[in-house]
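Scroll down for the structure; my scribbles are underneath it.
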Number of protein chains: 2
Amino acid sequence: MAPDGELRGHAELARTGSFSRAAESCHVSQPSLSQQIQKLERGLGQRLFDRVARRAVLTDAGRLLLERAEAILETVEDAKRCLRDAHQGGHLSIGAIPTIAPYLLPSLSAAGGS
Amino acid sequence: MAPDGELRGHAELARTGSFSRAAESCHVSQPSLSQQIQKLERGLGQRLFDRVARRAVLTDAGRLLLERAEAILETVEDAKRCLRDAHQGGHLSIGAIPTIAPYLLPSLSAAGGS
DNA sequence: AATTCTTACGAACGCCGTAATCATC
DNA sequence: GATGATTACGGCGTTCGTAAGAATT
C-alpha cells in the first residue's frame, strides 16, 4: 500500500468519481489507474468502488479506507514539507559561479548572518 | 515514500541502530535495507542517519521523519485491520465442500443469523 | 457512434539477493 | 582477521503506456 501511487489514486478516484479524471489528476494513464485500484482491491480482498453508470462510487469499505488514506497522504506531505523546511532552515546554502565567488563570498561572510 | 518498505526500514533502523538487525527484522537482506535508506536519503536530499562506529544514529532530519513514519505505519496497519474486520463483520461468508453443502446450507439458512 | 472502463501486451524501471570490496574494531 | 556496511551486478517482478476490446448511453 504505497502513498505515492495507489492511495493517491484511491483518493482522487473517490473525489472525482471518474477513472479518466483521476488518472490525469495523478499524471498516469487511465489503464494504469485502473490497475492500481484493482491491485488495491485484490490486496484487500474486497471492492472499494462500485462501477455504476460510468461513475465510480465508494463502497463502505472504500469509504473506510479513504479516511485513512487521506490521513496518510497528509502525513506524507507534512513529512516532506517538514524535512524540506528543516533542511533550509538548519544551514544556509550559498551558491555562486566560480568567476565571481572569490570576490563576493568573503564580504558576505564578513557581514555575518543578518 | 512507501510504508511497506522504506519507512518500515527507517523505523527499524532507528530502533535497532544496526543495518543487520533492522534488515532481518524487515525480512530483507542487509544490502537491500542499505539501498532503501539511501533511496530515502537521496529522495529527501539529506542524511537521515549518521554512520558512526558501526552504529546508525538518527540525524535531526531522521528524527523528524521518524515521528511521521511511525504515524503512517500505524495508520496503514489500522486501515488493514479496519478493512479486514469490516469485511468479516459486514456479511457472513460460509464455506463448505460441494458434497455436503446441499444438505448443510438450507438448514443453516432456515435457522437464520443468530 | 461516442465515451468510458477493462483487458492484453510489450518495454522499462526498480527492488531484491548474491557476491565482492571496503572499513572499522 | 572478523564483523558490519557499501558497491556491483544479474534476475525477477511490478508498473507503465499504447492498443484493442467490451459496455453503456
Side-chain angles (χ1 to χ4, degrees), chain A residues 1-59 61-63 65-66 69 72-73 76 79-80, chain B residues 1-59 61-63 65-66 69 72-73 76 79-80:
Chain A
M1 196 154 27
D4 52 329
E6 309 158 355
L7 291 187
R8 178 79 194 285
H10 180 73
E12 282 303 314
L13 180 52
R15 190 175 65 82
T16 63
S18 153
F19 280 80
S20 313
R21 303 288 183 173
E24 71 177 331
S25 183
C26 291
H27 307 295
V28 295
S29 70
Q30 188 193 62
S32 247
L33 188 130
S34 201
Q35 284 182 32
Q36 288 179 8
I37 301 300
Q38 287 174 12
K39 179 173 181 289
L40 259 180
E41 293 180 325
R42 198 177 336 124
L44 294 169
Q46 51 198 312
R47 299 220 117 186
L48 297 172
F49 293 91
D50 282 324
R51 282 76 160 175
V52 54
R54 292 159 165 258
R55 278 195 86 71
V57 296
L58 283 169
T59 62
R63 207 167 358 256
L65 177 59
L66 180 59
I72 292 172
L73 292 169
V76 169
K80 289 182 189 172
Chain B
M1 195 154 26
D4 53 328
E6 309 158 358
L7 290 187
R8 177 78 194 285
H10 180 72
E12 282 303 313
L13 181 52
R15 190 174 65 81
T16 64
S18 154
F19 280 79
S20 313
R21 304 287 183 173
E24 71 176 331
S25 184
C26 292
H27 306 295
V28 296
S29 70
Q30 189 192 63
S32 248
L33 188 129
S34 202
Q35 283 182 33
Q36 288 179 9
I37 301 300
Q38 286 174 14
K39 180 174 180 289
L40 260 180
E41 292 180 327
R42 197 177 337 122
L44 294 168
Q46 52 197 313
R47 299 221 118 186
L48 297 172
F49 293 91
D50 281 324
R51 281 78 159 173
V52 53
R54 293 158 164 261
R55 278 196 85 72
V57 295
L58 283 169
T59 62
R63 206 162 3 251
L65 177 60
L66 180 59
I72 292 171
L73 292 170
V76 169
K80 289 182 189 171

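Chain identifiers are assigned alphabetically (A, B, ...) following the order of the sequence lines, protein sequences preceding nucleic acid strands; residue numbering begins at 1 within each chain. Because only heavy atoms are used, hydrogens play no part in the values below, and waters and symmetry mates are left out as well, while side chains stay in.
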Quiz item: How does each nucleotide of nucleotides 7-20 of chain D score, in 5' to 3' order, for protein heavy atoms under 4.0 Å: base (B), sugar-phosphate only (S), or none (-)?
Solution: B-------SBBBB-
Quiz prompt | CD on B:Glu41 to CD on B:Glu6, rounded to 0.5 Å | solution = 11.5 Å
Self-check item: A:Arg54 (side chain) and D:dT25 (base): donor-acceptor pair under 3.5 Å
Solution: no
Quiz item: What pair of heavy atoms forms the shortest contact from A:Leu7 to A:Ala69, and how long is it?
Solution: CD2-CB, 4.2 Å
Self-check item: Derivation and outcome, side chain to side chain contact (heavy atoms under 4.5 Å, CB included), residues A:Leu44 and A:Leu65
Solution: CA-CA 10 Å; A:Leu44 294 169; A:Leu65 177 59; 4.0 Å; yes
Exercise. Check step by step if side chain to side chain contact (heavy atoms under 4.5 Å, CB included) holds for B:Leu58 and B:His10.
Key: CA-CA 10 Å; B:Leu58 283 169; B:His10 180 72; 3.9 Å; yes
Quiz prompt | Audit row: B:Ser25, B:Arg15, side chain to side chain contact (heavy atoms under 4.5 Å, CB included) steps and yes/no | solution = CA-CA 11 Å; B:Ser25 184; B:Arg15 190 174 65 81; 3.9 Å; yes
Quiz item: So does A:Arg51 get a side-chain nitrogen or oxygen closer than 4.0 Å to the phosphate oxygens (OP1/OP2) of D:dT24?
Solution: no
Exercise. Specify the separation, in whole Å, of atom CE of B:Met1 and atom P of C:dC15.
Key: 14 Å
Quiz prompt | Gap between atom NE2 of A:His27 and atom CZ of A:Arg8 - 0.5 Å precision | solution = 7.0 Å
Quiz prompt | Inter-residue atom distance A:Leu40.CG - A:Gln46.CD, 0.5 Å rounding | solution = 11.0 Å
Quiz item: At how many degrees, to 10°, do the end axes of the helix from C:dA1-D:dT25 to C:dC25-D:dG1 meet when each uses five pairs?
Solution: 30°
Exercise. Using a cut-off of strictly less than 4.0 Å between a heavy atom of the residue and any atom of DNA chain D, enumerate the qualifying residues of residues 10-26 of chain A by number.
Key: none
Self-check item: Residue mapping more 5' on DNA chain C - nearest nucleotide basis, A:Arg55 or B:Val52
Solution: A:Arg55
Exercise. With the side chain counted from C-beta on, respond yes when A:Ile37 and A:Arg51 share a heavy-atom pair under 4.5 Å apart, and no when they do not.
Key: yes
Practice problem: For B:Leu40 and C:dC15, give me the distance from atom CG to atom P, rounded to whole Å. | Solution: 11 Å
Exercise. Mind checking the OG1-CZ spacing from B:Thr16 to B:Arg55? Nearest 0.5 Å is all I need.
Key: 7.5 Å
Exercise. Report which part of the nucleic acid A:Ala56 touches: base, sugar-phosphate, or nothing (heavy-atom distance under 4.0 Å, all strands).
Key: nothing
Practice problem: Supply the atom-to-atom distance A:Arg63 CZ to A:Phe49 CZ, rounded to the nearest 0.5 angstrom. | Solution: 10.5 Å
Self-check item: Gap between atom CD of A:Gln36 and atom NZ of A:Lys39 - 0.5 Å precision
Solution: 8.5 Å
